[in-house]
Amino acid sequence: MNLLDVAPSEAQQLIATWVAARGEPAYRARQIFPWLWQRPVASWEDATDLPSSTVAALGQAAPIPRLQLDTRQTSSDGTVKFLWRLPDGSSVESVLIPEGRRRTLCISSQVGCAFGCVFCATGRMGFTRNLDPWEIAAQLRELRLMPDFEKPTNVVFMGMGEPLHNWKAVDTALTILNDPSGLGIGARHITVSTVGIIPNLARLAARPEQFRLAISLHAATSELRASLMPVERKYALDHLIPALSAFSRRVTFEYVMIENVNDSRENAATLAQLARQVGALVNLLPLHPGGAPGFNTSPPADIKRFARWLRDLGVRVTVRRSRGMDISAACGQLRVERETESASRPRMTVTSNSN
Ligand code: SAH
Ligand code: SF4
């Protein structure tokens, strides 16, 4: 049994059945359950209110699966990047971004990514496999097991992988993250970022919780978008935009600023049209280096000017500060860096194998 790989309500039932089959009192199930997510333990031995015979039996029947912390790097701006080793030896990253009272954890949904956006380091790795629900949610659970981190307040699916290309697992992981008997992060504090896999967008929208949706747009014409994001050939703007207009929820457009590629006044005008159509907030991001040889970020002044053009056209805009630049804490870059053993990047605090 993997009690972490199912929705908390299902885990509760599995535990109740298991407890009953062992002839233990029913309250035992209520003792076991909170150790999964609410007061997570590293192993059943740490579940202090359980008799040792139950601990031993649980260890046999339902061992707690773990992610191994491979590397942890802390940026000068407080951003922390974690590289997790999965049971099959592959690895993914999460990034913790503190900002005022907010602590946002950026998590991965796949090992690699099949979508090949030209500016993205994860895209360049190609696709290895989907994460299981527990592997997604455990990126937060493992933090809860470390004494030096407070619980994140927000979760964004902006690490490695395309969450709507792994909908089944992400669907369950969303429940675990949000459920008060799971990790208890409010739905409005959980953002799914996607290139726009239209059929699964509808499945996400059909969930009653108010999860936030971010669409990686990056270009407002089909031609330009197709040159940056191959997915445009399958799920084109012509279909994506009407699908988004049909949502009752607020949508954010992610727009990475690439110098001389998508940062002209004309680009701003076409983008403004789409944003107004959908009622979207536009989030401008500097391009992180390392994802794409041959592309540069638009300089800060140009990003500001682009934001002003959009605002003048009646669009709500935020400009995201680049975080964790010194540890290349963007989309899948840690793994790329390790695999190419690049020595040229500044080395920050690196803690190995600390769990
Ligand atoms: N696959 C999903 C979620 C993971 S990527 C998606 O694409 O939305 C998370 C965000 O990082 C996306 O908006 C993505 O476009 C952006 N991103 C990828 N490479 C980047 C880079 N080099 N610099 C800045 N943002 C990047
Ligand atoms: Fe995949 Fe998102 Fe990177 Fe595109 S930007 S390659 S969809 S992870």
Side-chain angles (χ1 to χ4, degrees), residues 67-85 91-109 113 119-125 136 138-161 185 189-191 193 214 216 254-258 283-293 295-300 303-304 318-355:
L67 306 179
Q68 294 300 321
L69 181 62
D70 190 329
T71 318
R72 166 172 144 191
Q73 288 176 288
T74 305
S75 161
S76 49
D77 67 13
T79 302
V80 189
K81 187 165 64 168
F82 304 88
L83 179 69
W84 304 110
R85 176 86 46 88
S91 43
V92 292
E93 68 166 38
S94 324
V95 183
L96 181 68
I97 307 157
E99 198 161 31
R101 273 189 300 174
R102 218 192 259 195
R103 294 177 298 280
T104 301
L105 184 68
C106 172
I107 59 174
S108 296
S109 56
C113 181
F119 46 78
C120 173
T122 310
R124 283 224 313 282
M125 289 177 198
I136 299 173
Q139 293 168 57
L140 198 154
R141 189 180 192 274
E142 291 293 337
L143 284 203
R144 303 276 285 130
L145 294 174
M146 295 182 199
D148 40 350
F149 293 104
E150 282 183 80
K151 183 177 168 182
T153 57
N154 295 64
V155 174
V156 294
F157 282 80
M158 294 189 185
M160 294 164 61
I185 308 276
H189 296 237
I190 300 174
T191 301
S193 175
S216 290
E254 304 284 309
Y255 196 92
V256 64
M257 300 288 304
I258 313 175
N283 192 9
L284 301 178
L285 323 90
L287 177 76
H288 235 282
F295 286 125
N296 296 313
T297 181
S298 310
I303 298 180
K304 264 196 200 153
T318 55
V319 178
R320 199 187 294 167
R321 267 191 304 147
S322 230
R323 298 293 302 265
M325 283 295 269
D326 49 357
I327 55 170
S328 52
C331 206
Q333 302 209 16
L334 176 59
R335 230 193 102 189
V336 166
E337 194 178 319
R338 281 174 54 87
E339 281 174 353
T340 56
E341 286 297 307
S342 143
S344 58
R345 284 180 200 284
R347 276 247 165 264
M348 306 306 289
T349 327
V350 178
T351 324
S352 282
N353 297 324
S354 54
N355 71 345

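Positions are given from 1, in the same order as the sequence printed here. Just so we're clear, the structure is a prediction, and the values are computed from it rather than from any experiment.
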Novice: Rounded to the nearest 0.5 Å, how far does CG of L105 lie from CD1 of I190?
Specialist: 11.0 Å
Novice: Would you give the length of the straight line joining atom CG of L145 to atom CG of L69, rounded to the nearest 0.5 angstrom?
Specialist: 11.5 Å
Novice: Below 4.5 Å, heavy atoms only, C-beta onward: do V156 and T104 meet side chain to side chain?
Specialist: yes
Novice: Any chance you could measure R144, atom CZ, to R141, atom CZ, to the nearest 0.5 Å?
Specialist: 10.0 Å
Novice: Answer yes if the side chains of S94 and W84 hold a donor-acceptor pair under 3.5 Å, and no otherwise.
Specialist: yes
Novice: More than 12 non-hydrogen atoms from neighbouring residues, nucleotides or ligands closer than 6.0 Å to NZ on K151, yes or no?
Specialist: yes
Novice: Mind checking the CD1-CG spacing from I185 to N154? Nearest 0.5 Å is all I need.
Specialist: 7.5 Å
Novice: Roughly how far, to the nearest 0.5 Å, is CG of L96 from CZ of F82?
Specialist: 5.5 Å
Novice: For the pair S91 (side chain) and R85 (backbone), establish whether a donor and an acceptor sit closer than 3.5 Å, ignoring hydrogens and angles.
Specialist: no
Novice: Compare every heavy atom of S298 with every heavy atom of I303, then report the nearest pair and how far apart it is.
Specialist: CD1-O, 3.4 Å
Novice: Identify, with sequence neighbours excluded, every residue that meets salt bridge (Lys or Arg N to Asp or Glu O under 4.0 Å) alongside R103.
Specialist: E150
Novice: Enter the distance from I107:CD1 to T191:OG1 here, rounded to the nearest 0.5 Å.
Specialist: 10.5 Å
Novice: Which heavy atom in L143 sits nearest to a heavy atom in F149, and how many Å separate them?
Specialist: O-CB, 4.0 Å
Novice: Looking only at heavy atoms, which two atoms of G159 and C106 are closest? And how far apart?
Specialist: N-SG, 3.3 Å
Novice: Taking C-beta and beyond as the side chain, do E93 and S108 meet within less than 4.5 Å on heavy atoms?
Specialist: yes
